[in-house]
*Asks:* 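I am attaching a structure below and will ask some questions about it afterwards.
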Amino acid sequence: MPDAYDDVEGGDQTEVIKAETVVDGVNLVEQEELSVVQLPTAKTAFEKLQSDRKTLPVYPYREELLRAINDHQILIIVGETGSGKTTQIPQYLHEAGYTSRGRKIGCTQPRRVAAMSIAARVSQEMGVKLGHEVGYSIRFEDYGMLLREFLGEPDLASYSVLMVDEAHERTLSTDILFGLVKDIARFRPDLKLLISSATLDAEKFSDYFDSAPIFKIPGRRFPVEIHYTKAPEADYLDAAIVTALQIHVTHPPGDGDILIFLTGQEEIEIAEETLKHKTRGLGSKIAELIICPIYANLPTELQGKIFEPTPEGARKVVLATNIAETSLTIDGIKYVIDPGFVKMKSYNPRTGMESLLVTPISKASANQRAGRSGRTGPGKCFRLYTAYNYYNDLDDNTVPEIQRTNMANVVLSLKSLGINDLLNFDFMDPPPSEALLKALELLYALSALNKQGELTKVGRRMAEFPLDPMLSKMIVASEKYQCSDEAISIAAMLSIGNSIFYRPKDKQVHADNARSNFHMGNVGDHLALLKVYNSWKDTNFSTQWCYENYIQVRSMKRARDIRGQLEGLLERVEIEKTSNPNDLDAIKKAITSGFFPHSAKLQKNGSYRTVKHPQTVQIHPSSGLAQVLIPRWVVYHELVLTSKEYMRQVTQIKPEWLVEIAPHYYQLKDVEDHLVSKN
DNA sequence: TTAAGTTCA
């Protein structure tokens, strides 16, 4: 494991239990000092692991916890990071006999890296080889994750215990899991359920799981002092920079590094410029300040900088998105500056439009951010909002993921599990019924569901693919057009999102030129993506080629992995692998078979109008079709709202294809007047 | 006259 990632809980740090109390914006830190554990040196590595296990905060609660699990079918476990709950509880259960007769203990994680590292740690502690007694299951390794395991074993018969970890993160997957496992627990009284969460939502989880008891385990961390501003900062970006500079000039550089949480790439770039400018103004009067930007789409070779040790006499300022909240751990951070905002995706089921909104963070996030300063010593967190906001506002603004995403894929998965009555599914926080209806409508249009809302043969094949239903449909339909090979490449490229083309600020013209090469001689972004993939494949997956063409290697590797998986799934649903590279119309018909619900036609004023749910939209400026061609009819992958309403990933089509491919959805009259006369 | 956070399958 690179140490860039979250340590497995229960790493051997010095431990301090902390409790924080805030009075009128002044922070008090109460701490209960524990002694540092001294270990005899003569022990073997394995013995040391065993004695380390006994120093974890969860250890004194072992018997009490096992008793509680024995006495109750469902238990809510509250424990901070560092309590050891994730690595220890499954082992306690194993030692107590819950794995006898070949039964399994499951523990779910929201992130794959965490799943891998926790499994590695537990197998080490048990002295067994990873993949035998202890294993993990993520995409590309093993065949899936728990949600997909339900497909083969809907009652989870081989499990004696299931622990849903990090439940407070409220991801789409954990929320669906809640509904499924609550249902299973009813007819499997022998199955134990553990829901593990940070303190904040414990009561809510308990209420949802029929008043399940709450079991508390104290965490351990270095103390973190929290400071609030007296009034919320109007210009938080400027306030964050000023705070960072103040820390820098008033404390010696060897004292610790600074981490600032910002909302995105653009903001990080502005902050970087401003910081450079201001430190230049201060000249040699201050110690060197090394500025390290970090966000998910930053090319790998530029990411390395944050993990290099800070040179003597200098200080690092890390400018990060929320990637540094859970996915990345940076050592040496002593100061965290938290403006309290995050960009969140929001989906409007009425328009089908996605946008990113800057919203206040949740309390769980605020605590997680603050904790990033207390990993290797006592830390300080400067919140650019008031204690009043923290205590009263933050959670009110937090909406679970399930309420702001496109539900089409979830609905298809649940249908394939045999859950038909979705409007009455026991969601902890139900998605808007409009979103469910919209999803059902789409699946019906794609012929994945029949009029009774039951899964069709097409739908059953589609459900095998871990993709958005329109992409799955494109693949299933590609059988007919003899181009499944092209379809899976396009699906893989589309499913990695918008991080394929690299466009550095200082080389925008070069990057745009490189990109336009992939659009030559064809008429759409889907085919351009196919061309990118195939060109890369022709160079034997060359990294150099990626650099020369302003393509992100990391994204391409992901596309290759996903494509590999899709290839396997083609076999499983018995679609023959066929290639038809020169018949562009055939490929475009396969695309249209998936994306026909997303059709739009040109208007006289140059904008487009979506056909089925009419609204005025534009071709996204990143599209190869934006400048060159002005196609009359297009299908698009998605609608996004940024400064305008845009179609992203657009392909030119012939309107008669719509009637030919989806006669139940389009009539001739929908497409006859190729040019619309008025708005 | 212009470009989106981070996860996961």
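Here is the naming used below: chain letters follow the sequence lines, and residue numbers restart at 1 for every chain.
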*Asks:* The side chain of A:R503 is closest to which nucleotide in this list: B:dT2, B:dA3, B:dG5?
*Replies:*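 When the side chain of A:R503 is considered, B:dA3 is the closest of B:dT2, B:dA3, B:dG5.
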*Asks:* Flag the pair A:D485 and A:R563 as a salt bridge only when some basic side-chain nitrogen lies within less than 4.0 angstrom of an acidic carboxylate oxygen.
*Replies:*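 Looking at A:D485 and A:R563, the cut-off is met.
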*Asks:* Would you call A:E479 and A:R461 a salt bridge, taking side-chain N to carboxylate O under 4.0 Å as the test?
*Replies:*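 A:R461 and A:E479: salt-bridged.
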*Asks:* Pick base, sugar-phosphate or nothing for A:K644, based on heavy-atom distances below 4.0 Å to the nucleic acid.
*Replies:*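 Nothing, no nucleic acid heavy atom in range.
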*Asks:* Whole angstrom is fine here: how far is it from CG in A:N322 over to P in B:dT6?
*Replies:*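 Between P of B:dT6 and CG of A:N322: 6 Å.
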*Asks:* Between A:R372 and A:E325, does at least one N-O distance fall below 4.0 Å, as a salt bridge requires?
*Replies:*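 No.
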*Asks:* Given B:dA3, B:dG5, B:dT7, identify the nucleotide with an atom nearest to the side chain of A:R111.
*Replies:*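 Among the listed nucleotides, the one closest to the side chain of A:R111 is B:dT7.
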*Asks:* Looking for any heavy atom pair under 4.0 Å, which part of the strands does A:Q618 touch: base, sugar-phosphate only, or nothing?
*Replies:*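 Here A:Q618 touches no strand at all.
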*Asks:* Between P on B:dT7 and NZ on A:K343, what's the gap in Å once rounded to a whole number?
*Replies:*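 After rounding, the gap between these two atoms is 15 Å.
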*Asks:* Would you mind classifying the nucleic acid contact of A:L356 as base, sugar-phosphate or nothing, using non-hydrogen atoms under 4.0 angstrom?
*Replies:*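 Base, at least one base heavy atom under 4.0 Å.
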*Asks:* Nearest heavy atom decides the nucleotide; on that basis, is A:E401 or A:D512 closer to the 5' end of DNA chain B?
*Replies:*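 Nearer the 5' end of the strand: A:D512.
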*Asks:* If you check the A:P466 side chain, which of B:dA9, B:dT7, B:dG5 turns out closest?
*Replies:*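 From the listed options, B:dA9 comes nearest.
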*Asks:* From the list B:dT2, B:dA9, B:dT6, which nucleotide is the closest neighbour of the side chain of A:I138?
*Replies:*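 Nearest nucleotide to the side chain: B:dA9.
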*Asks:* Can you sort out the partners of A:F595 under ring pair (Phe, Tyr, Trp, His ring centres under 6.0 Å), two or more places apart, ordered by chain and number?
*Replies:*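 Testing A:F595 for ring pair (Phe, Tyr, Trp, His ring centres under 6.0 Å), a comparison that skips the adjacent residues, returns A:H526, A:H637.
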*Asks:* Among B:dT6, B:dT2, B:dA3, find the nucleotide with the atom closest to the side chain of A:P621.
*Replies:*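 Nearest listed nucleotide: B:dT2.
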*Asks:* Within this structure, what is the CG-to-P distance between A:L494 and B:dA9, rounded to whole angstrom?
*Replies:*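 Computing the A:L494:CG to B:dA9:P distance gives 19 Å.
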*Asks:* Let me know the distance between CD of A:Q368 and C1' of B:dT6, rounded to the nearest Å.
*Replies:*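 Taking CD of A:Q368 and C1' of B:dT6, I get 14 Å after rounding.
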*Asks:* Rounded to whole Å, how long is the line connecting atom CG of A:L569 with atom C1' of B:dA9?
*Replies:*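 After rounding, the gap between these two atoms is 10 Å.
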*Asks:* Under 4.0 Å: is that the gap between some side-chain N or O of A:T321 and OP1 or OP2 of B:dT6?
*Replies:*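 Yes, such a contact exists.
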*Asks:* Give me each pair satisfying salt bridge (charged side-chain N to carboxylate O under 4.0 Å, His left out) with a member in residues 641-651 of chain A, each pair once, sequence neighbours excluded.
*Replies:*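 Listed by first then second residue: A:E638-A:R648.
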*Asks:* Distance check: side-chain N/O of A:S643 vs OP1/OP2 of B:dA3, anything under 4.0 Å?
*Replies:*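 Checking A:S643 against B:dA3: at least one side-chain N or O falls below 4.0 Å of OP1 or OP2.
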*Asks:* In whole Å, what is the span from the CD1 atom of A:I176 to the C1' atom of B:dC8?
*Replies:*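 Going from A:I176 (CD1) to B:dC8 (C1'), I get 13 Å.
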*Asks:* Would you call A:E269 and A:K505 a salt bridge, using N to O less than 4.0 angstrom?
*Replies:*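 Between A:K505 and A:E269 there is a salt bridge, with a charged N closer than 4.0 Å to a carboxylate O.
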*Asks:* Using a 4.0 Å heavy-atom cut-off across all strands, classify A:S499 as base, sugar-phosphate, or nothing.
*Replies:*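 No contact.
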*Asks:* From the list B:dA3, B:dG5, B:dT7, which nucleotide is the closest neighbour of the side chain of A:Q265?
*Replies:*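 Minimum distance to the A:Q265 side chain belongs to B:dG5.
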*Asks:* Measure from CG on A:L412 to C1' on B:dA9 and round the result to the nearest Å.
*Replies:*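 One finds 13 Å between C1' of B:dA9 and CG of A:L412, rounded.
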*Asks:* Return the value, rounded to whole Å, for the distance between atom CD of A:E645 and atom C1' of B:dT2.
*Replies:*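 Going from CD in A:E645 over to C1' in B:dT2 covers 15 Å.
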*Asks:* Would you say A:S327 places a side-chain N or O within less than 4.0 Å of OP1 or OP2 belonging to B:dT7?
*Replies:*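 So the side chain of A:S327 is within the cut-off, an N or O lying under 4.0 Å from OP1 or OP2 of B:dT7.
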*Asks:* Mind checking A:R170 for me? I need base, sugar-phosphate or nothing, with any heavy atom below 4.0 Å counting as a touch.
*Replies:*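 The residue A:R170 makes no contact with any strand.
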*Asks:* I want to verify a distance call: between B:dT6, B:dA9, B:dG5, whose nearest atom is closest to the A:M344 side chain?
*Replies:*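 The nucleotide sitting nearest to the side chain is B:dG5.
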*Asks:* Hey, is the side chain of A:T642 poking within less than 4.0 Å of OP1 or OP2 on B:dA3, counting only N and O atoms?
*Replies:*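 Yes, because at least one side-chain N or O of A:T642 sits under 4.0 Å from OP1 or OP2 of B:dA3.
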